K.L.:
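Structure provided below as structure tokens; questions to follow.
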2 protein chains.
Amino acid sequence: MPNRQLAIPQQECADCPIRHRAVCARCETDELEHLESIKYYRKFEAGQTVVWAGDKMDFVASVIEGVASLTQTMEDGRRQMVGLLLPSDFLGRPNRDTAPYDVVASTDVMLCCFRRAPFQKLIAENANISQRLLEMTLDELDAAREWMLLLGRKTAREKIASLLSIIARRDASLKDLPSKGEVSFDLPLTREAMADYLGLTLETVSRQMSALKRDDVIRLEGKRHITIPDFDLLMDETGDDADGGMLV
Amino acid sequence: MPNRQLAIPQQECADCPIRHRAVCARCETDELEHLESIKYYRKFEAGQTVVWAGDKMDFVASVIEGVASLTQTMEDGRRQMVGLLLPSDFLGRPNRDTAPYDVVASTDVMLCCFRRAPFQKLIAENANISQRLLEMTLDELDAAREWMLLLGRKTAREKIASLLSIIARRDASLKDLPSKGEVSFDLPLTREAMADYLGLTLETVSRQMSALKRDDVIRLEGKRHITIPDFDLLMDETGDDADGGMLV
DNA sequence: CGATGAATTGAACCAACTCAAACATAGTGG
DNA sequence: CCACTATGTTTGAGTTGGTTCAATTCATCG
């Protein structure tokens, strides 16, 4: 099931919606020009696999829009999501040519891909990119550690609340809205994908979603659109302390 | 409970046992000289806290010997280990002056500390250090993702086997021994710390250790010294596939 | 040798899982 | 327009792996 490569009109970096958050955030105009020359867009539809674990991967990329997940699968089929890539997040590892995880588009996704070899060269030479990549990787490590607390110690209800708050916050920040009071957004994940994120079964996810709805912590319009009447109320359900493990 | 600063004789970088694995691995002699000028050793005894979450942290460090853990604690006392630092691992984040996690010495630990401000400056200027730090951070992110699979999807028995195999492998690589056939090592963690690592209770850890012993997967001499008669047998218990998610 | 902290073991319990069935929604095509 | 899938979601009932609480054993050390 190879992903055919479509010719997609490329945006210029200057107009890019994630210009100031992505790996290129600190680049100057001349550096952007260099990036323009090694970049190409790829589009994936919801459900499509971007790369399979073990596949050769000759690019790295920024997520421009949409949501993609990194997932590990055990022989007997148990699956655990280990990364959730939202717009501006970085995909791939320079210096590695084989994907260690399945990468799947959760929604329609647009990637800004950079050919790996020249990108690697760029990193070696260009501090603005490599420094930014280090910063983003450290942020991801922090997020992974929060996630570990969630997986290891939180209850099902707390896990759901935590996931919703994470998505709500990222979504709000993308739209430059505050994440307090009433907040609403589209869930980019199926119940099954939520279960894979949280280390639960999809039945448990569904039950806890119903419970949160019953308790007026969330409202559902359709299966995917979620309204949080009071963000603080949701935060109370996450198990995190008030200052919220908010890392600076 | 401040950690008094002892005057500790410093080794020269050239003689350092982790010289070629730590953040300084790629440095040249003149760069090492620079590092020498901003480094100092600190020693911690098993059980001592290196820094508390929320504390100001004016250094970053390499673990020279011993084992330290990063732990998150929830308000009600639930604890999850989110990092295990073995010799050559890096502690702290440049550009962050407040520790996000408790750092505790699991065994006696020797740290090679670098004053944060000058280290930060060094990173900004010196590619050999910042590139190495990026590489180490990416490795840590991979490890965190393996850990997430463990926390989210593995059974108690698989969790224990996985932890033992991780420690056995790191220990072997440190001593330049192969990790196959019969392997033996000292557990640097109490049952409680193992539980915090694995997202289990200490009772479950103890029960599963007994079960693995009963099934001849491990042998115990005292509570801490462990012999694995056949490393492959242990690997079979981890739930990982044969090629072992071994990332290149 | 008692005492202290760490580890083991037992028994009852429960949160999340498994298996099974019903329901919802959006397409598809006759 | 409705029947007919296909896919995703909810709900129910019974089971279970890991927890909780409570003793007991082990090891070390002053």
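The chains referred to below are lettered A, B, ... by the order of the sequence lines, with proteins before strands, and numbering in each begins at 1. Bear in mind that the values here come from a model prediction, so they are computed numbers and not experimental data.
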K.L.:
Of the nucleotides D:dA27, D:dG18, D:dT11, which has the atom closest to the A:Ser210 side chain?
P.N.:
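Side chain of A:Ser210 sits closest to D:dT11.
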
K.L.:
Could you grab the distance from atom CZ of B:Arg42 to atom SG of B:Cys112, nearest 0.5 Å is fine?
P.N.:
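So the CZ of B:Arg42 and the SG of B:Cys112 are separated by 12.5 Å.
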
K.L.:
Given atom NZ of A:Lys213 and atom C1' of D:dT11, what is their separation to the nearest angstrom?
P.N.:
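Those two atoms, NZ and C1', are 12 Å apart.
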
K.L.:
Going by distance alone, is a donor N or O of one side chain under 3.5 Å from an acceptor N or O of the other, for B:Ser162 and B:Lys154?
P.N.:
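Yes.
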
K.L.:
When the distance from CG of B:Leu198 to P of D:dG18 is rounded to whole Å, what number comes out?
P.N.:
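Going from B:Leu198 (CG) to D:dG18 (P), I get 11 Å.
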
K.L.:
Within this structure, what is the CG-to-P distance between B:Asp196 and C:dA7, rounded to whole angstrom?
P.N.:
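Answer to the nearest Å: 12 Å.
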
K.L.:
Separation of B:Gln208 atom CD from C:dT9 atom C1', in whole Å?
P.N.:
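These atoms are roughly 13 Å apart.
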
K.L.:
Which part of the nucleic acid, if any, lies within contact of A:Gly199, taking any heavy atom under 4.0 Å across all strands shown: a base, the sugar-phosphate backbone alone, or nothing?
P.N.:
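Sugar-phosphate contact only - A:Gly199 comes under 4.0 Å of backbone atoms but never of a base.
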
K.L.:
Could you state the atom-to-atom distance from CD of B:Glu203 to P of C:dG10 in whole Å?
P.N.:
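One finds 14 Å between P of C:dG10 and CD of B:Glu203, rounded.
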
K.L.:
Taking atom CD of B:Glu237 and atom CG of B:Leu233, what is their separation to the nearest 0.5 Å?
P.N.:
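Result: 6.5 Å between the selected atoms.
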
K.L.:
On a plain distance test, is the side chain of B:Arg207 in donor-acceptor contact with the base of D:dT20 below 3.5 Å?
P.N.:
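Donor-acceptor pair under 3.5 Å: yes.
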
K.L.:
With nearest nucleotides of DNA chain D determined for A:Arg153 and A:Thr190 from heavy-atom distances, which residue corresponds to the more 5′ nucleotide?
P.N.:
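That would be A:Thr190.
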
K.L.:
Nearest to the side chain of B:Leu200 - D:dT10, C:dA7, D:dT19?
P.N.:
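Minimum distance to the B:Leu200 side chain belongs to D:dT19.
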
K.L.:
May I have the distance from B:Glu158 (atom CD) to D:dG18 (atom C1'), rounded to whole angstrom?
P.N.:
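Taking atom C1' of D:dG18 as the reference, CD of B:Glu158 is at 14 Å.
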
K.L.:
Could you tell me the separation between the CG atom of B:Leu220 and the P atom of D:dT25, rounded to a whole number of Å?
P.N.:
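Taking atom P of D:dT25 as the reference, CG of B:Leu220 is at 19 Å.
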
K.L.:
I need the CG-P distance between B:Leu202 and D:dT19, as an integer number of Å.
P.N.:
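These atoms are roughly 10 Å apart.
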
K.L.:
Between C:dC17, D:dT19, C:dA16, which one does the side chain of A:Thr201 approach most closely?
P.N.:
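From the listed options, C:dC17 comes nearest.
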
K.L.:
Just checking, is any N or O donor in the side chain of A:Thr204 or A:Thr201 under 3.5 Å from an acceptor N or O on the other one?
P.N.:
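Yes - a donor-acceptor pair under 3.5 Å links their side chains.
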
